[in-house]
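Below is one structure, written out as structure tokens, with a few remarks after it.
Quick note on labels: first sequence line is chain A, next is B, and so on, each numbered from 1.
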2 protein chains.
Amino acid sequence: MKHRPTIRDVARKAGLSLSTVSLVINNRGYVSPETRESVLKVVRELSYHPTRSARGLASKTSGNIGFILSEEHFSQAEPFYTRIFLGTEFEARIHNFYILLTTVGDQFDPDQYVPRFLLERNVDGIIIAGKVSEKLISYIDSLGLPIVLVDYEMKRALHSAVLIDNWRGGTLAVEHLLALGHRRIAFLGGDIRHPSLSERYAAYKNTLNQAGVHLDETFEITEEKATSVAGGTSAAERLFASGANPTAIFAVNDAMAIGCVRHLKSRGMRIPHDVAIVGFDDIDMSAHIEPRLTTVRVFKEEMGKIAVQRVVDSITAKTNIVVTTHVPVELIVRESTVSAAHADD
Amino acid sequence: MKHRPTIRDVARKAGLSLSTVSLVINNRGYVSPETRESVLKVVRELSYHPTRSARGLASKTSGNIGFILSEEHFSQAEPFYTRIFLGTEFEARIHNFYILLTTVGDQFDPDQYVPRFLLERNVDGIIIAGKVSEKLISYIDSLGLPIVLVDYEMKRALHSAVLIDNWRGGTLAVEHLLALGHRRIAFLGGDIRHPSLSERYAAYKNTLNQAGVHLDETFEITEEKATSVAGGTSAAERLFASGANPTAIFAVNDAMAIGCVRHLKSRGMRIPHDVAIVGFDDIDMSAHIEPRLTTVRVFKEEMGKIAVQRVVDSITAKTNIVVTTHVPVELIVRESTVSAAHADD
DNA sequence: ACTTGGTATCGAAACGTTTTGATACTACAC
DNA sequence: GTGTAGTATCAAAACGTTTCGATACCAAGT
């Protein structure tokens, strides 16, 4: 447990001042090439590395990025946000940052609970995934920390955001069903207050309208409490209980689509023969269920990556330019809309 | 952006010294109840919170735990280790630690690359998931940091470890197949150098032996390069290409089992009618494929949780007692061994 | 000759805590 | 009344960096 070298040791051995060594290490200010080289040489010889805490104290930076996720999304270990999170981990390492994860409840009260990394001044910027209290966002603003929103958007765009192209995704999904000849297309949705979900819903209605297809309200389930597998099952139940007889279903996300599939199978309905289904998100599971699910692929890791790039930009550049990125989506056609073995028919 | 209060402000307002305030905050040393109360009152009034960097510098602690994962496991976003990681995140928050994630390559050379959080003295303890270079482990030891291994074990148990009860899991799986009347039971395995996998293999052989079932070498695939879905497909191909005709297969993990299922289905074989399959791990996907996979459930989040508890113990207690925990497993019987609709037969 | 501005280096202060050692009081046993 | 052990508080040092301002040199522009 030998004493590890400090910047002081480096300075002494190089015959220079602390300040000069610091300048070299941080690649800042004026240093002659020869001096720089000799410092670096000593650094190598001693295998010196600056300590994060000391650096943090002096420079008021932490080298960390905070990732905030709503409690429900985290505890369910939601495959969707989990992927985004892993994407940030990946990209963060490239930029020499670490990600600190925390969760927050639905409503935020600064007198009650504040993420610890904010109190301890232990992050340089914040990534928020999904929907959280607006109070929380303005609280963080008041700390002067840069924020990047992922899969969430506020009325007035004051923050950089990384968004899914939900409109295009919804349109692609419904157009796909229309192209297959479907006209009685149902929508299975949940909490429409979440911007992503309401956009998908809007795209659904718009696409049908454009195609001149009559909109039937009994075909729309928009108030299911949870957009989960269980929610999908219960929404499907309600849909058919209402007497609707769609030939195709657009589910607001894959979790609901999978729940829906399960319900249809339990009723003995064949997919896609009796009812075709399209989901949204392309979570891992979707390619593995039977039938494999047609869906709109969202590049989740990519979203995390972009979010980190944005927040790092804001941290380093100090300039607060707001960038909204719409990450493109892709329709993945699988067996839940187009039968693999056409022999079925 | 008003100046946030420091411990100095608290001391001044409370009419006490820095040291006393520090003692109160850290709940240490002798402080009279009245003094403690008056300090806490001021802390509340100013809503003071100590800064992580300053605290870290003075106390040589970071409040972080390092999580090390091999590169391949991370980049594949392996659902197995990902779950363990999420388990640590969950538990870490309870103990007021943050998790810093990093990955390492297969071979470790301290002159080449060392995880940044080690160089920067930015972690108080380390959790290592899966198999990594032993050189890395001894390097970390030389830094005096406590280590907890998860799903990995070294010959001489010098570190606390959180392990799967692979022996019992493998035994349960094979006994299940025997109880169903199977005698020609194949094993699909990969890199047997990983302790977890070799234990499962050993349990397989032992259980068959105990049951007096002849071991047929052509029934054993133990050298598949990757224990992934693709590896499972290719292992299954090789198994049947060799002319083996098992009625049941025990795959070393769910990923391989799923790959195997895929291959069997492409050959037109019915599961479990023609061949029954058991996996290991119970990853999310397993309950959703067709047929739903019988498997040995591993409590992945739980393993992460325990790992954090162990490492926090070592960090706070300073005592280096080695604890090896075998997390129990559970056989989950699903359709890949027992037909749901018995009408099939 | 006198500014000006860029280059190079340094000393000292600052960052906000924890920790160490000293001091002083009280209570109790002898 | 002296010694001992526990209780309570404090002043100062230490932790390892970055940053600020000062100094000094040199070359070029007037």
Using side-chain heavy atoms (C-beta onward) and a distance below 4.5 Å, is B:L163 in contact with B:D151?
no
Between OG of A:S62 and CZ of A:R121, what distance do you get to the nearest 0.5 Å?
11.5 Å
Scan nucleotides 18-21 of chain C against the protein and return all N/O pairs shorter than 3.5 Å with their distances rounded to 0.1 Å.
residue	atom	partner	partner atom	Å
C:dT18	OP1	B:N26	OD1	3.2
C:dT18	OP1	B:N26	ND2	2.9
C:dT18	OP1	B:R55	NE	3.2
C:dT18	OP2	B:S22	OG	2.6
C:dT18	OP2	B:N26	ND2	3.3

B:H73 vs B:Y81 aromatic rings, parallel, tilted or perpendicular, using cut-offs 30° and 60°?
tilted
Give a yes-or-no answer on whether the side chains of A:S32 and A:T35 include a donor-acceptor pair shorter than 3.5 Å.
yes
Give me the first and last nucleotide of DNA chain D, going 5' to 3', that has any atom under 4.0 Å from a heavy atom of chain A.
D:dG16 to D:dT19
Using a cut-off of under 3.5 Å, enumerate the N/O to N/O pairs linking the protein to nucleotides 6-8 of chain C.
residue	atom	partner	partner atom	Å
C:dT7	OP2	A:Y30	OH	2.8

Does this structure show an ion pair linking A:K13 with A:E45, if we count only N-O contacts that are shorter than 4.0 Å?
yes
Taking the six-membered ring for Trp, are B:F108 and B:Y113 ring centroids under 6.0 Å apart?
no
Is B:R116 positioned over the aromatic face of A:F97, cation under 6.0 angstrom from the ring centre and no more than 45 degrees off axis?
no
Looking just at side-chain N and O atoms, do A:T61 and A:R52 make a donor-acceptor pair shorter than 3.5 Å?
yes
Cation-pi, A:Y48 ring and A:R4 (6.0 angstrom, 45 degrees):
no
One should read off an interatomic distance between A:L69 CG and A:L101 CG, to the nearest 0.5 angstrom, of 6.5 Å
